[in-house]
Amino acid sequence: MHIRTPKDWELPESAVTSESLYHLSKRRDFLKALGITAVALGARQAMGATAGFPTKLNPAFHDAALKPTAYDAITSYNNFYEFGTGKDEPRELANRGWKTDPWTVEISGLVDTPIKIEVNDMIGKVGGIEQRVYRFRCVEAWSMVIPWDGFQLSKLLALAGPKADAKFVKFYTFNDPKSAPGQREGNLEYPYVEGLRLDEAMHELSFIATGIYGKPIPNQNGAPLRLVVPWKYGFKNIKSIVKIELTAKQPRGTWEAMQAREYGFYANVNPTVDHPRWSQASERVIGGGLGGRQRTLMFNGYDKQVASLYAGMDLKKFY
Amino acid sequence: MLFLEKILRSKAAVWTLLVLPGLWPLWPIFVRPDPSVTADALKYLLHHFGFVACVVLAVVLAFTPLRVLWPKWGVAQAVNRHRRLVGVAAFVYAALHVTTHFVYEGGLDVSFIPDIFRAVVSKPFQLTGLIAFTILLLLAVTSPNAAIKWLGGKRWKNLHRLAYVAAGLVAYHQAAARKIFPLQVLWIFVPLALLEIARVWKQRQVGRVVPKAS
């Protein structure tokens, strides 16, 4: 049996705000009253690997004009080809015994101290989690607004210390064909990999999400931790990360390797550079109903923050 | 088989079979809402109508080869009574698909209309769909008996051979619709292609035999 001991940096359950955790915490209080401090595996699985961390909205990364997409839509409309190419499939197939707890991430390559770290320990080391409300724009021309919980990617990279010759960051998703039907089928080349330039990765907007709406991130959204780079198309936001490698050479992402003309390394949201088969000038707003179409913003609305990263670059060439 | 043949002879039964796929979306949108569908119900409708149009078009094109290859098979005879009805149904589903496309791409905001047309003419994926739809429209308006009389049998037949062009365009259009190749394109159009090849082969054999005999 898996016994969980609360870590010293975990705040009391009363600090937790979301409804489902609220109910669970009452159960914990009850267990505590009986003198039982460890929570059994069953409850923990229901909560996810990164449960128990208090989160608080960071107002610096929240625009009151953004209306968050419904939790149901965020967790039912997923591209996670490891679990099938239909939007509805990951919700079904990623929750049939695929284990995302415990979970260990390796940081290696051009770093001062290569590390292997369990995801709960990682959250403790980077100083806990916070909530940020980001726009999310898929390359398929649809968008959401998602309240992510997590921490800044730069804090994680700092744990390993990138060397001076590290120029890029390469991310790897898990590879477990036994648990992932899409990997068995081979609908893409697995494991899924993605990359960022180091300065992009160190940008304050680049984020590692461990939760959505204050709850641990569901399996279909990339449990227990995934990348969120809000000014890039969704496919850059690699899910269920097991390895992060600092490199000198520009990595090639899975989609870029498959069809470079359609999916570039940068994949910055750009309404003036079309996908060869459809326009990127506007997007469907998930949950928006009949009138749910809006114009796409340059860098997905984060141009003030990130445009300087690409100063002097021809974005039609480096798409 | 006799039972199937009887059902397929009935116009009412064929009507029902053709209408049912159009009612199907009511289930995941209203009766038992599926959050994966209601996240963007228009997208679901767009793909559903397009998919049904593809299948119905492939089905109606299979009727002639079935009759040529198995002339004595009752089912093949039965379905060939409804060729025009099924063909018009393919057009109706294509029209629903195109209409949904406009609402999907434009929302309720007319300022998106120029963008929609720009995309249609500049993307081969979308242009093939539009050409195929135009063909189906042309065939649908010339499907009444009056149109056959007006055009004359031979010209009408030649015009309606454009349905094969539409099928080819639709196969490409559907294959290009997803980020990775959708296998459904193969199971819709490969059987049709095989039937057509067998049919042409058989008609050539017969064509060779007949002059010798005369």
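In the text below, chain A, chain B and the rest are named by the order of the sequence lines, each starting its count at 1.
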field: Reported NZ-to-CZ distance for the pair B:Lys179 and A:Phe235, which is rounded to 0.5 angstrom
entry: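 Between B:Lys179 NZ and A:Phe235 CZ, I get 8.0 Å after rounding to 0.5 Å.
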Determine yes or no for a side-chain-to-main-chain donor-acceptor pair under 3.5 angstrom, with [X] supplying the side chain and [Y] the backbone.
X        : Y        : result
A:Arg284 : B:Asp40  : no
A:Arg91  : B:Ser36  : no
A:Arg293 : B:Val103 : no

Chain B heavy atoms under 4.5 Å from [X]: which part of the residue, side chain, backbone, both or neither?
X        : answer
A:Trp278 : both
A:Asn79  : side chain
A:Met144 : neither
A:Glu262 : neither

Under 4.5 Å from a heavy atom of chain A, the part of [X] involved:
X        : answer
B:Phe181 : neither
B:Ser122 : neither
B:Arg178 : both
B:Lys43  : side chain
B:Asp109 : neither
B:Ala41  : neither

Look at atom [atom1] of [X] and say whether more than 12 heavy atoms of other residues, nucleotides or ligands are closer to it than 6.0 Å.
X        : atom1 : result
A:Glu189 : CD    : no
B:Phe117 : CZ    : no
B:Lys202 : NZ    : yes
A:Arg295 : CZ    : yes

task: Could you tell me which non-hydrogen atom of A:Gly289 sits nearest to which non-hydrogen atom of B:Leu42, and how far apart they are?
output: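 Minimum heavy-atom separation between A:Gly289 and B:Leu42: O-CD1, 4.3 Å.
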query: What heavy-atom pair brings B:Asp115 and A:Ala281 nearest, and what distance separates the two atoms?
result: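 That would be OD2-CB, 4.3 Å.
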- request: May I ask you to name which of A:Thr69, A:Ile74, A:Asp88 has the most heavy-atom pairs under 4.5 Å with chain B?
  value: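 Among the listed options, the one with the most contacts to chain B is A:Asp88.
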Lys/Arg-Asp/Glu bridge criterion (N-O < 4.0 Å) met for A:Lys87, B:Asp34: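 So A:Lys87 does not pair with B:Asp34 through a salt bridge.
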message: Let's test your reading of the structure: which of B:Ala176, B:Ala177, B:Pro182, B:Ala119 forms the most heavy-atom pairs below 4.5 Å with chain A?
response: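 Of B:Ala176, B:Ala177, B:Pro182, B:Ala119, B:Ala176 has the most heavy-atom pairs under 4.5 Å with chain A.
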task: Select, from B:Glu105, B:Lys123, B:Arg118, the one with the greatest count of heavy-atom pairs under 4.5 Å involving chain A.
output: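 If we count pairs closer than 4.5 Å to chain A, B:Lys123 comes out on top.
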task: Mind running side chain to side chain contact (heavy atoms under 4.5 Å, CB included) on A:Ser279 and B:Gln126 for me, showing each step along the way?
output: CA-CA 11 Å; A:Ser279 160; B:Gln126 299 187 22; over 6 Å; no
